[in-house]
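Both ligands and their constituent atoms are indexed starting at 1 by order of listing. Predicted model only: the values in this text are computed from it and were never measured.
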Amino acid sequence: MNKDDLRSLQRAGKAVRSILKKLKKFIRPGVSGLQINDFSVNYLEENFSGCNLSSKGYQGFPGSICVSFNDNIIHGIPSKRVIKEGDIIKVDVVVECRGWHADAAYSYIVGEVSREEKELVAVTQKALSAAAKEARAGNTTGDIGYAVQTLIESAGFSVMRRFCGHGLGRSMHQDPSIPNFGNPGEGTKLKEGMIIAVEPMAFIGSPEVEVAENGWDVYSKDGSQTAHFEHTLVVTRKNPLIIT
Ligand code: MF3
Ligand code: CO
């Protein structure tokens, strides 16, 4: 990755960050997943010309971004389903700029939710910061997984096992896989310049998941509430460069 490549990646990251920030005001009762999708498409087109939403058409994915409601933890296909007070909406956005992809996700609390649900969202976000602190050259994917798992499990929640974070860059998904569980020192060694998407995903209840008939929406099997946060990072010898 040369200087120009990094600039492209950073532009993609800025686009992702801007969309997720704009959505804080846009996401409210009465708004549908499709409206969130279209808002994001238009915002990108108007403010980041030349950039594209990478998820569109990815392995046949019908949306441009992922919008997931409550027990739907990831890969939600944007639909006509409308947000209600008390929902937790996860939005996952991947933008490509001059061939470089940046990926991030955020969990939006709509109105009042239970104390337990608030705690779930807070601890999952905290797990992302803790994981980022572990993402430096010489550490391993197990160090990241361990940080995520210990934080979330000590709060009494469970971590996603079926789906992981991932490397990315010139494509949306690359090696290594970045699990949300693990042991210090195990897994793949992180190297300077590696681009990774770290994405804690947590459940109030069991981590068992079910994929919907549409082949995409991933649900908690027990119907329990879920949270997801994600950042794209570049590994350095010190603190990572946060791209999104
Ligand atoms: N951002 C998602 C991830 O990290 C990718 C979405 S898959 C898609 O895995 F098909 F919906 F694009
Ligand atoms: Co993502």
Side-chain angles (χ1 to χ4, degrees), residues 9 12-21 23 27 33-34 36-38 40-41 44 51-69 72-79 81 88-97 99-108 121 124-125 127-129 131-132 135 141 144-145 148 159-181 194-202 207 209-220 226-234 240 242-244:
L9 182 67
K14 188 177 178 189
V16 170
R17 180 167 67 244
S18 306
I19 291 171
L20 291 175
K21 191 169 168 207
L23 290 178
I27 290 181
L34 271 175
I36 295 169
N37 183 90
D38 296 349
S40 304
V41 170
L44 188 73
C51 295
N52 299 292
L53 288 157
S54 315
S55 297
K56 186 167 191 197
Y58 177 81
Q59 292 183 0
F61 187 75
S64 295
I65 60 170
C66 301
V67 180
S68 308
F69 285 60
N72 174 202
I73 179 162
I74 50 165
H75 297 172
I77 297 176
S79 74
R81 178 170 174 180
I88 298 178
I89 307 295
K90 279 75 62 180
V91 178
D92 192 333
V93 176
V94 192
V95 168
E96 171 269 321
C97 177
W100 290 86
H101 299 257
D103 184 355
Y106 195 87
S107 297
Y108 302 85
V121 171
T124 309
Q125 189 164 27
L128 178 53
S129 314
T141 55
I144 293 176
V148 171
V159 293
M160 173 68 92
R161 299 193 168 255
R162 255 281 283 290
F163 295 86
C164 298
H166 48 90
L168 72 168
R170 286 191 194 275
S171 63
M172 185 162 85
H173 287 139
Q174 291 172 198
D175 285 341
S177 172
I178 319 276
N180 284 320
F181 56 90
M194 241 182 201
I195 310 166
I196 56 173
V198 177
E199 45 180 325
M201 295 168 249
V209 292
E210 221 160 46
V211 179
E213 259 178 49
N214 62 29
W216 287 101
D217 307 25
V218 177
Y219 286 89
S220 60
T226 65
H228 178 211
F229 286 89
E230 176 178 19
H231 270 313
T232 295
L233 319 169
V234 178
I242 301 194
I243 295 300
T244 46

If the cut-off is 4.0 Å to any non-hydrogen atom of Met172, which atoms of ligand 1 fall inside it? 5 (C), 12 (F)
Of all N, O or S atoms in Glu230, the one closest to the Co ion (ligand 2) is OE1
With a 4.5 Å heavy-atom cut-off, do Ile89 and Leu23 have their side chains touching? no
Does any part of the side chain of Val95, heavy atoms only, come nearer than 4.5 Å to the side chain of Leu53, both counted from C-beta? yes
Which of the ligand 1 atoms, numbered from 1, are nearer than 4.0 Å to a heavy atom of Cys66: 6 (C), 11 (F)
Is there an N/O/S atom in Asp92 that lies less than 2.8 Å from the Co ion (ligand 2)? yes
List every atom of ligand 1 that sits less than 4.0 Å from any heavy atom of Glu230, numbering the atoms from 1 in the order shown and giving each element. 4 (O)
Mode of Gln59 contact toward ligand 1 - side chain, backbone, both, neither (heavy atoms, under 4.0 Å): neither
Is a donor on one side and an acceptor on the other found under 3.5 Å between the side chain of Asp175 and the backbone of Ser177? no
Trace of the side chain to side chain contact (heavy atoms under 4.5 Å, CB included) decision for Asp92 with Glu199: CA-CA 10 Å; Asp92 192 333; Glu199 45 180 325; 4.2 Å; yes
Counting only N and O atoms by type, is there a donor-acceptor contact under 3.5 Å from the side chain of Arg17 to the main-chain atoms of Ile243? yes
So the atoms of ligand 1 within less than 4.0 Å of a heavy atom of Phe61 turn out to be 8 (C), 10 (F), 11 (F)
Report the atom name of the nearest N/O/S atom of Asp103 relative to the Co ion (ligand 2). OD1
If you measure every N/O of His166 against every N/O of ligand 1, is any gap under 3.5 Å? yes
Where do Thr244 and Asp103 come nearest, in terms of heavy atoms and distance? CG2-O, 3.8 Å
Checking the side chain of Lys90 only, and the main-chain atoms of Met201 only, is there a donor and an acceptor separated by less than 3.5 Å? no
Can you tell me the protein heavy atom closest to atom 2 (C) of ligand 1 and the distance? Asp92 OD2, 3.5 Å
Looking at Ile196, Ile242, Ile195, Val198, which hits side chain to side chain contact (heavy atoms under 4.5 Å, CB included) with Thr232? Ile195
Closest candidate by heavy atom, reference atom 8 (C) of ligand 1, pool Ser55, Gly63, Gly76: Ser55
Answer side chain, backbone, both or neither: which part of Phe163 comes under 4.0 Å from ligand 1, heavy atoms only. neither
Shortest non-hydrogen contact between Ala127 and Pro200, atoms and distance: C-CG, 3.9 Å
Which residue and non-hydrogen atom of the protein lie closest to atom 3 (C) of ligand 1, and at what distance in Å? His173 NE2, 3.4 Å
Can you list the atoms of ligand 1 that are under 4.0 Å from a heavy atom of Val94? 1 (N)
